[in-house]
Amino acid sequence: MAALLGTNTAFMLFQGIEQERNFSAVREVALTIIAAAIPFQGIYFLIYTYVMEHNGTLSESHLLRLAKASALCQVAAYGSLIGVALMWYNISNYVGVFFVLATGASVILIRTAMRPDPK
């Protein structure tokens with residue numbers, strides 16, 4: 001999640017500067033999607049820090065609510081990859097296609113690795 005936040009922040013900075021110089025409707029949509037996802041990434045880190053600080057003192061129901069909120073934040077953060085993909089498509093169709101394929105594979109991989117063990 002930290003890498004995604006860093007990527008989104010860099011895209012917002014550098015592509016935002018480029019947008020001021022050379023407007024592109026596709027870039028505008030991509031930056032809007034990325035900007036909408038950044039607060040969810042921040043909230044994800046706040047939830048994670050809160051759980052770490054209160055380790056062992058939270059009730060099961062509270063932990064469940066926090067886990068659901070965290071999962072929603074992750075989904076919104078992954079949605080920012082749509083904006084990044086639009087940006088890459090805007091630069092090169094080939095790079096865009098391979099970015100989408102690699103993104104799909106990596107999201108499936110990480111979600112599979114983070115899935116809890118069946119009991």
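From a predicted model like this one, the values you see are computed outputs, not experimental measurements. By convention here, the first residue in the shown sequence is residue 1.
Using a 4.5 Å heavy-atom threshold, the side chains of I110 and Y78 count as touching. Here the side chains of M1 and Y48 are not in contact, with every heavy-atom distance at 4.5 Å or above. At least one side-chain heavy atom of L81 sits under 4.5 Å from a side-chain heavy atom of L4. Side-chain atoms of V26 and Y89, non-hydrogen and from C-beta on, never get closer than 4.5 Å to each other.
Atom CD of Q15 sits about 11.5 Å away from atom CD of E28, to the nearest 0.5 Å. The distance from atom NE2 of H54 to atom CG of L66, rounded to the nearest 0.5 Å, is 10.5 Å.
With N8 as the partner, the side chain to side chain contact (heavy atoms under 4.5 Å, CB included) test is satisfied by one option alone out of L31, I34, I33: I34.
The nearest pair of heavy atoms linking A37 to S80 is CB-CB, 3.4 Å. Of all heavy-atom pairs between A69 and I47, the closest is CB-CD1, 3.8 Å. The two residues V100 and A85 have their closest heavy-atom pair at CG2-CB, 3.8 Å. The two residues C73 and Y44 come nearest to each other via the heavy atoms CB-CB, 4.0 Å.
One N or O on the side chain of R27 and one on the backbone of N22 form a donor-acceptor pair closer than 3.5 Å. Checked by atom type and distance alone, the side chain of H62 never pairs as donor or acceptor with a backbone atom of L58 at under 3.5 Å. A donor-acceptor pair under 3.5 Å links the side-chain atoms of Q19 to the main chain of S24, judged by distance alone.
Follow the hydrophobic side-chain contacts under 4.5 Å out from V107 and you reach F99 in the same cluster. Residue V95 is not grouped with residue V97 when hydrophobic side chains (ILVMFWY) are merged at heavy-atom distances under 4.5 angstrom, including chains of intermediate members. Linking Ile, Leu, Val, Met, Phe, Trp and Tyr whenever their side-chain heavy atoms come within less than 4.5 Å puts M12 and W88 in one cluster.
The other residues sharing a hydrophobic cluster with I17 are L13, F14, where clustering joins ILVMFWY side chains under 4.5 Å apart.
Every side-chain contact (heavy atoms from CB on, under 4.5 Å) that L5 has, sequence neighbours left out, goes to T9, I38, Q41, F45. For the side chain to side chain donor-acceptor pair (under 3.5 Å) test, residues two or more places apart in sequence or in another chain that qualify with S59 are S61.
The number of heavy atoms from other shown groups lying within 6.0 Å of OH (Y94) does not exceed 12.
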